[in-house]
Protein chains: 2
Amino acid sequence: MRDKEETRKKILEAVGEILSEEGFGGIGVNNVSRRAGVDKVLIYRYFGDLPGLLREFASGGDYWPSMEDLVEKAEGDNRPPGASELAVALLKGYIRELRDSTSAQELLLGELVSRNELSEASARKRERQGADLIEALVRSAPEAERVDVAALGALLSAGLTFLMLRARTSEAYLGIDISSEEGWGRIERAMEELVRGVMGDDKLEGFQY
Amino acid sequence: MRDKEETRKKILEAVGEILSEEGFGGIGVNNVSRRAGVDKVLIYRYFGDLPGLLREFASGGDYWPSMEDLVEKAEGDNRPPGASELAVALLKGYIRELRDSTSAQELLLGELVSRNELSEASARKRERQGADLIEALVRSAPEAERVDVAALGALLSAGLTFLMLRARTSEAYLGIDISSEEGWGRIERAMEELVRGVMGDDKLEGFQY
DNA sequence: ACCTCCTGTCACCAACCGGTGACATAAACC
DNA sequence: GGTTTATGTCACCGGTTGGTGACAGGAGGT
């Protein structure tokens, strides 16, 4: 009868380990309990069932880059420039952060393949963060009345996310080598061009003349 | 001792049915044989093992919209306009075709979640088709020297694909309602703006003045 | 008629899945 | 000290997975 909280922590940690090492498919009562060095019946006692465990993991996890991280990573040390630069920096920060976090990738993949389980909690959490981010971007973008910033952000971040997930099992996508830094450079540059083309300084320069 | 080819066909058809009705997760020797009304040992005799069956299904399937379909659906009845209009039309055709084909979605999802199985064959097939399409687009686009058309196409089609897969398990993404036609209208319009902003007629109009 | 070969049927395997009931044991309270 | 209560252990359940060996039966060749 040592430490209930300790055991709970070990179980939750095991979920994170499996997620980042074995992937979404490795999640299961038997595997989690084995990895945590704990009897699986404790999972049922402390979390109800497997979905309950995943729900708790998803709601309490720090597996996802916070909006503050992204903004910080995005702004760097120079003063806030135009909205297009901010958007580009945010998206770059997003994709770089995501490329480093295998558990975030697995979570994303899990949300894609099946609803119910851990999907809802983590999806809701990220949805809220993302919506905040978009809202902040809309506020700082004068062209928000002209273009649908939310839809643009959704489409571009979705594209980056898909290519990231895709890179896990495939080496190329439409001829782009998404397993190399060179390929990701092309992707980032294309993203930058797209953003600038729509809300970028091209048009601002035009207004200046 | 009736018809070996008939049995093979029934098995392959069962794979397709499961894919479109139960999803990628429903694929399995037992399930396939049950649905085909056939003993599962025949799967091993005729296809070696499960990966072999999936490989054969993926290589022989017509589950994927051909490039001709897309171009046809894209061009409609007016003469080929600018490259940006063609690109927009192609992407719209792609996403509409994909939204209708649940088996294509499942295949895509399967490629994302695990390599090896049916992923390689179908991925290679689509990769080839997609690369052809991009190549055709590059040829018809005078701005191909200025912008990386392949990277743009990859990013945008990836974004559309992700949102499509996402809509299967989630209702919203970054505040966009991806379960409604209204939300998809916003996505399509955003995509159109992005393409036009980079290789669009905005700039061409500018040149006319 | 006989023998061979191929198609199809059936029972079975070990390993896994999520989940449960019975029981030991150690701490906490009286 | 004795009793209660919560923590942890163990064996087991039915059902699923991918995969295999033995055998029936019908078609074709001789």
Side-chain angles (χ1 to χ4, degrees), chain A residues 1-19 21-58 106-107 109-111 113-121, chain B residues 1-19 21-58 106 109-110 113-121:
Chain A
M1 192 193 263
R2 274 223 290 297
D3 200 339
K4 171 179 175 178
E5 282 311 314
E6 179 68 22
T7 303
R8 283 178 53 95
K9 222 181 78 181
K10 278 198 289 185
I11 294 175
L12 288 170
E13 281 171 2
V15 173
E17 287 176 24
I18 293 173
L19 217 47
E21 291 174 26
E22 301 178 41
F24 179 76
I27 295 287
V29 186
N30 303 284
N31 199 9
V32 168
S33 61
R34 198 181 310 125
R35 160 109 46 169
V38 144
D39 195 283
K40 67 174 173 177
V41 82
L42 300 180
I43 291 180
Y44 295 98
R45 280 228 264 265
Y46 297 152
F47 304 97
D49 52 4
L50 184 60
L53 167 61
L54 298 179
R55 222 175 299 128
E56 185 148 338
F57 174 82
E106 287 297 333
L107 235 10
L109 201 49
E111 292 174 25
V113 67
S114 69
R115 83 197 316 162
N116 304 343
E117 310 188 344
L118 79 175
S119 60
E120 303 212 358
Chain B
M1 193 192 265
R2 275 221 291 297
D3 200 340
K4 171 179 174 177
E5 282 310 314
E6 179 68 22
T7 304
R8 283 178 52 96
K9 222 182 76 179
K10 278 197 289 185
I11 294 175
L12 288 170
E13 281 172 2
V15 173
E17 287 176 22
I18 293 173
L19 217 48
E21 291 175 25
E22 302 179 39
F24 179 76
I27 296 286
V29 186
N30 304 283
N31 199 11
V32 169
S33 60
R34 197 181 311 126
R35 161 108 46 169
V38 145
D39 196 282
K40 67 175 174 176
V41 82
L42 300 180
I43 292 180
Y44 294 98
R45 280 227 264 268
Y46 297 151
F47 303 97
D49 51 5
L50 185 60
L53 167 61
L54 298 179
R55 222 174 298 128
E56 185 148 337
F57 173 81
E106 288 297 333
L109 201 50
V113 67
S114 70
R115 80 196 321 160
N116 304 345
E117 309 188 344
L118 79 174
S119 60
E120 303 213 359

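Labels below follow one simple rule: chain letters A, B, ... track the order of the sequence lines, proteins then strands, and each chain is numbered from 1.
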**Q.** 5′-ward residue of the pair B/Arg34/B/Gly48 relative to DNA chain D
**A.** B/Arg34

(Q) Counting the atoms with a prime plus P, OP1 and OP2 as sugar-phosphate, which does A/Leu50 contact under 4.0 Å by heavy atoms, base, sugar-phosphate, or nothing? (A) sugar-phosphate

Q: Find the distance A/Ile27:CD1 to C/dC17:P and express it as a whole number of Å.
A: 11 Å

Q | Earlier contact from the 5' end, DNA chain D, for B/Arg45 and B/Asp49 | A | B/Asp49

(Q) Testing the basics here: between A/Leu54 and A/Val15, what is the closest heavy-atom pair and its distance to 0.1 Å? (A) CD2-CG1, 4.2 Å

Q: Return the value, rounded to whole Å, for the distance between atom NZ of B/Lys40 and atom P of C/dA11.
A: 13 Å

Q: Figure out the OH/C1' separation between A/Tyr44 and D/dG8, and round it to whole Å.
A: 16 Å

Q. Are OP1 or OP2 of C/dG8 and a side-chain N or O of B/Thr7 less than 4.0 angstrom apart?
A. yes

(Q) Using whole Å, what does the distance between atom C1' of nucleotide C/dC23 and atom CG of A/Asp39 come to? (A) 13 Å

Q.
To check you understand the geometry: which heavy-atom pair defines the closest contact between A/Ala36 and A/Lys10, and what is its length?
A. CB-O, 3.8 Å

(Q) A/Leu12 vs A/Lys9, test: side-chain contact (heavy atoms from CB on, under 4.5 Å). Steps then yes/no. (A) CA-CA 5 Å; A/Leu12 288 170; A/Lys9 222 181 78 181; 5.9 Å; no

Q. Can you tell me how far CZ of A/Phe57 sits from CD1 of A/Ile27, rounded to the nearest 0.5 angstrom?
A. 7.5 Å

Q. Atom CD1 of A/Ile11 to atom C1' of D/dG8: distance rounded to whole Å?
A. 11 Å

Q.
OP1 or OP2 of C/dG8 versus the side-chain N and O atoms of B/Tyr46: is any pair under 4.0 Å?
A. yes

Q. Taking atom P of D/dG28 as reference, at what distance in whole Å does atom NZ of B/Lys4 sit?
A. 16 Å

Q: Starting at atom CZ of A/Phe47, determine the distance to atom P of D/dG8, rounded to an integer number of angstrom.
A: 12 Å

Q) Under 4.0 Å: is that the gap between some side-chain N or O of B/Asn30 and OP1 or OP2 of D/dT16? A) no

Q | Closest contact, heavy atoms only, A/Arg8 versus A/Tyr46 | A | NH1-O, 3.3 Å

**Q.** Residue met sooner reading DNA chain C from 5', once A/Val41 and A/Gly26 are mapped to nucleotides
**A.** A/Gly26

Q.
In whole Å, I'd like the distance from the CG atom of A/Leu54 to the C1' atom of C/dG18.
A. 12 Å

(Q) For a quick check of understanding: with a heavy-atom distance under 4.0 Å over all strands, which category does A/Val38 fall into, base, sugar-phosphate or nothing? (A) nothing

